[in-house]
Amino acid sequence: MLRAAAAAAAAFPARFAAVPAVAAAEEMRSPLLRVFGSLRGGRSSVMGRRARFCSSSSGSDSEAAAAAAAEAKAEDAVAAEGEAEGKASSAIVSTNPRPEDFLSVIALPLPHRPLFPGFYMPIYVKDQKLLQALIENRKRSAPYAGAFLVKDEEGTDPSIVASPDSSDNKTIDSLKGKELLKRLHEVGTLAQITSIQGDQVVLLGHRRLRITEMVEEDPLTVKVDHLKENTYNKDDDVIKATSFEVISTLREVLKTSSLWKDHVQTYIQHVGDFNYPRLADFGAAISGANKLLCQEVLEELDVDKRLKLTLELVKKDMEISKLQQAIAKAIEEKISGDQRRYLLNEQLKAIKKELGLETDDKTALSEKFRERIEAKKDKCPPHVLQVIEEELTKLQLLEASSSEFNVTRNYLDWLTVLPWGNYSNENFDVHHAQQILDEDHYGLSDVKERILEFIAVGKLRGTSQGKIICLSGPPGVGKTSIGRSIARALNRQFYRFSVGGLADVAEIKGHRRTYVGAMPGKMVQCLKSVGTANPLVLIDEIDKLGRGHSGDPASALLELLDPEQNINFLDHYLDVPIDLSKVLFVCTANVIDTIPNPLLDRMEIISIAGYITDEKMHIARDYLEKNTREACGIKPEQVEVTDAALLALIENYCREAGVRNLQKQIEKIYRKIALQLVRQGVSNEPALEAVIVTPSVEPTDGGSATIVKDEKLNDPAVKDPEEAKEPSLKETLVTEPALSTDTLSTPEGNKDTDGVKEEAADKAVKKVLIDSSNLDDFVGKPVFHAERIYEQTPVGVVMGLAWTSMGGSTLYIETTKVEEGEGKGALVMTGQLGDVMKESAQIAHTVSRAILRDKEPDNKFFADSKLHLHVPAGATPKDGPSAGCTMITSMLSLAMGKPARKDLAMTGEVTLTGRILPIGGVKEKAIAARRSSIKTIIFPAANKRDFDELADNVKEGLEVHFVDTYSEIYKLAFQNETETS
């Protein structure tokens with residue numbers, strides 16, 4: 001608003017310069033004007049001019065000058081009227097209507113601040129009807145309107161500034177008639193419309209108005225009363241003192257605020273007879289107070305009160321001005337202090353350099369890099385040394401302030417910090433490695449055997465080569481943790497990074513140095529971190545690699561994980577070959593199906609199928625329970641978890657292949673035990689001996705009386721406070737002079753004290769027993785239930801074996817007859833089966849018809865019966881070909897009316913000719929059969945080797961038959977059952 005008013009003011013001085021000075025003005029100058037003239041530096045000659053000035057908020061009312069200013073502005077806005085007409089209008093003052101003649105005016109809402117008499121204010125009129133009415137009034141030589149401040153809505157803070165396009169502004173523009181009238185303050189200002197440009201209207205305040213009633217709703221026109229100041233005594237001492245204090249305050253503010261100084265100079269230059277009311281208006285108008293305080297000044301007609309209100313406003317502005325000075329001074333001191341410190345540091349550097357006490361930054365950096373590489377010079381490859389020398393030479397030629405300097409410095413930092421040729425001493429002791437691997441993990445014989453083979457080869461060769469091993473298996477079987485154990489067994493540094501979801505090749509190969517914020521890839525960061533060139537690098541979740549717009553990381557890993565290529569691995573940032581042939585890479589994956597074949601071909605796959613129940617028992621007892629008990633601060637004598645409880649926990653809560661969920665359940669048990677012990681008052685903190693000096697006892701050897709507190713104080717059974725205070729056993733106070741601290745330190749004294757503590761500790765500790773009977777109280781209801789639904793499978797139901805992500809499980813294949821009739825043979829399948837499994841069902845239906853036709857030629861069951869095959873549970877998706885033989889057995893059982901053999905489970909893919917093809921997940925399926933108490937298993941003959949490689953504890957108690965054709969399964973499933981019955 002100030003800028004707009006200042007722009008308007010710039011157009012008026014030339015026009016006002018032509019107004020003749022009034023000769024009598026100098027003679028009638030009041031003391032107030034002389035004081036204000038001193039604010040301007042003594043330019044008093046212009047005070048006699050009677051004209052308006054253009055500002056954002058100030059002015060005076062002189063009728064002749066107002067008319068002249070209005071007509072002069074009209075000349076600029078309406079060019080058609082011509083310059084001659086403007087001069088004539090300026091000369092004929094008496095023909096223009098006087099402001100006090102306007103008793104009905106258009107009401108203009110002012111959203112931000114009130115308009116004071118003698119001040120200009122630009123406003124924007126969005127209502128086209130209202131804008132047209134203002135233009136018409138101006139053309140009819142009635143360029144006046146009423147400017148009234150808009151009231152704030154209830155519940156709003158006037159000190160908060162709303163955005164220009166806020167809902168409040170939009171609401172004001174949309175108000176009409178009585179609604180708008182209710183939102184306007186009653187007291188406003190009669191404003192002359194000096195110019196209209198587009199939707200911008202510039203107003204000049206003349207005198208105060210009060211709304212009396214509404215005349216017209218659209219545009220809002222109101223009747224007004226013209227207000228005048230109350231009579232006052234210009235010689236009153238209070239008024240004079242108040243006015244001089246206002247002027248004094250303004251003078252103080254003018255010393256720091258150039259904006260206020262411009263206001264005063266412009267106002268005094270263009271406004272005559274500066275009296276007390278106008279002084280009050282001037283001070284309030286140019287102050288930074290909120291609109292409600294300014295409206296209060298506008299509404300005040302008592303000159304004395306108005307001056308006092310204005311004085312409060314300018315005093316507040318003076319305090320703000322002082323705060324502004326303090327802030328500016330603090331900032332200036334800080335800036336000048338930093339500059340002074342910088343100059344002194346630069347001078348100190350120059351002096352030290354001249355005296356030879358210190359070199360410049362570039363020389364110091366070069367020396368640091370040369371010292372780094374000097375220790376590795378014999379082991380560092382020649383091509384790397386050449387690159388380092390070239391970069392050091394370039395560093396000396398670059399300015400320290402250039403961006404290329406920082407790029408070169410960072411590049412040299414990475415080149416010199418890498419462990420070129422620095423290898424850790426490996427431990428090739430096979431027995432030591434076996435001991436460490438057994439300490440950290442139970443089972444996993446395949447992985448341990450492979451690591452021992454690697455160590456044995458290294459011992460015979462005298463050196464070791466890097467290998468790429470991939471451990472695949474379900475979550476929680478120890479794939480990641482075994483990598484750390486392998487590194488400890490080999491005495492290698494360990495580094496792990498996960499590539500799950502990685503979609504940027506630069507994470508593997510690094511960024512180009514030309515990019516801002518470029519960094520080397522993970523392998524270079526690994527070598528810097530571990531400090532050796534032969535670490536063990538664990539690449540986690542390699543089966544979850546992503547692929548995005550930044551390239552294919554799986555393809556970038558081909559070079560890293562290829563023994564023939566990683567001897568010269570090239571990082572984009574370093575741009576020099578790095579030898580990674582000594583690095584042992586261990587990758588982990590849940591499934592290998594999602595790993596690209598070229599990458600899978602470079603890795604040695606070791607499958608970790610999972611743990612059986614016996615292995616989980618050993619892991620829980622020897623590893624998980626021990627670590628959890630120590631982490632919870634519980635002593636072994638305070639809790640006992642029985643084998644039955646652990647077995648129930650494994651069977652009913654943690655059937656997954658890994659032991660991660662088992663660890664969570666054990667932690668849950670021990671947390672509840674810890675809470676139970678604490679609630680009973682048990683504390684395992686070490687007992688502290690308190691030393692108390694009593695006034696009645698004088699120690700014999702300069703010692704002090706001692707209180708020995710027994711652990712029985714923590715016994716929850718002791719509830720009586722008086723009993724707790726008894727000194728016997730619980731608290732022994734040594735007060736006899738003959739018994740000193742030396743006596744307590746004797747072996748006999750210690751023995752007695754320890755005996756008392758042990759006896760009290762036995763009474764205090766109440767062992768918590770966890771058995772299968774109370775296991776539910778600690779871990780809740782069982783999650784899993786028995787998979788075996790039938791003790792004796794009925795006709796049409798056969799048990800199969802399946803592989804799942806949690807290991808293995810048993811499932812039933814159920815077949816029943818839906819409809820019977822000649823030629824109605826058909827098959828319906830349910831159980832959320834996949835496409836492969838549906839095809840297996842169709843094949844099984846065809847093979848069953850062929851076998852039945854061969855065994856019982858007169859049986860027309862399949863030709864005349866509509867069958868329904870279902871695989872529970874229906875909510876679990878199922879797919880795969882290994883249920884083919886189970887489906888055939890189920891259909892034949894229904895067709896012949898014979899139940900299958902008891903305690904029998906089978907798996908295998910069947911062809912149309914009845915051949916049994918091999919399947920996967922032999923270990924998982926064998927574990928699932930043992931869990932369901934199955935005694936007899938049928939496997940394809942091609943899987944005999946896989947079964948023979950299983951641990952003895954997995955095969956123990958199982959009767960396994962390996963078959964090539966379904967005819968063998970038929971004999972095992974039906975004929976043996978018939979003979980048995």
Side-chain angles (χ1 to χ4, degrees), residues 375-376 378-381 418-473 477-497 522-540 542 557 560-569 577-589 602-608 618-619 622-623 949 951:
K376 315 169 189 175
D378 297 336
K379 302 177 182 178
C380 189
L418 292 182
W420 300 105
N422 183 23
Y423 301 102
S424 60
N425 296 323
E426 289 190 272
N427 188 349
F428 294 114
D429 188 351
V430 177
H431 301 289
H432 171 73
Q434 179 79 51
Q435 180 182 356
I436 290 179
L437 293 175
D438 289 340
E439 283 178 3
D440 295 345
H441 294 81
Y442 183 84
L444 303 181
S445 56
D446 295 344
V447 182
K448 294 177 182 178
E449 190 72 19
R450 180 63 187 88
I451 298 305
L452 295 178
E453 293 171 2
F454 175 80
I455 295 174
V457 171
K459 185 177 181 62
L460 295 177
R461 292 189 55 188
T463 181
S464 63
Q465 290 293 325
K467 291 291 180 182
I468 297 92
I469 300 172
C470 180
L471 305 176
S472 68
V477 296
K479 300 185 298 297
T480 303
S481 60
I482 200 172
R484 198 180 302 273
S485 300
I486 295 172
R488 191 160 70 93
L490 295 174
N491 193 30
R492 289 195 180 203
Q493 296 294 324
F494 178 77
Y495 185 85
R496 171 193 171 275
F497 70 93
K522 283 291 184 183
M523 277 312 303
V524 177
Q525 297 178 33
C526 161
L527 296 179
K528 178 184 177 182
S529 176
V530 300
T532 60
N534 62 338
L536 186 145
V537 178
L538 182 72
I539 304 178
D540 223 348
I542 198 170
L557 284 174
L560 180 65
L561 300 181
D562 191 340
E564 300 298 328
Q565 298 182 39
N566 61 15
I567 192 172
N568 290 317
F569 177 74
I578 306 173
D579 185 8
L580 300 179
S581 60
K582 305 292 185 182
V583 177
L584 176 58
F585 291 98
V586 177
C587 306
T588 68
R602 287 162 167 78
M603 298 186 292
E604 182 178 347
I605 307 298
I606 300 178
S607 298
I608 305 177
H618 282 285
I619 294 172
D622 299 338
Y623 300 93
E949 291 177 353

**Study point:** Donor-acceptor pair between N534 and S424 side chains, under 3.5 angstrom
**Key:** yes
Nearest 0.5 Å, please: how far is [atom2] in [Y] from [atom1] in [X]?
X: Y442; Y: L437; atom1: OH; atom2: CG; result: 15.0 Å
X: I451; Y: L444; atom1: CD1; atom2: CG; result: 11.0 Å
X: T532; Y: N425; atom1: OG1; atom2: CG; result: 10.5 Å

Revision key, fill the gap. With L580 as partner, the option from L560, I567, V537, N568 fulfilling side chain to side chain contact (heavy atoms under 4.5 Å, CB included) is L560
Point to revise | Option from I469, L561, L471 for which side chain to side chain contact (heavy atoms under 4.5 Å, CB included) with C587 holds | key: L561
Review point. Got a salt bridge between D440 and R484, using NZ or NE/NH1/NH2 to carboxylate O under 4.0 Å?
Key: no
Is there a side-chain contact between [X] and [Y] in this structure, where contact means two heavy atoms from C-beta onward sitting under 4.5 Å apart?
X: H432; Y: N427; value: yes
X: E604; Y: C470; value: no
X: R602; Y: D562; value: yes
X: V583; Y: N566; value: no

**Study point:** Shortest non-hydrogen contact between K582 and A533, atoms and distance
**Key:** CB-O, 4.1 Å
**Study point:** Shortest non-hydrogen contact between Y495 and V530, atoms and distance
**Key:** CB-CG1, 3.9 Å
Review point. Checking K459 side chain against F454 main chain: does a donor-acceptor pair fall under 3.5 Å?
Key: no
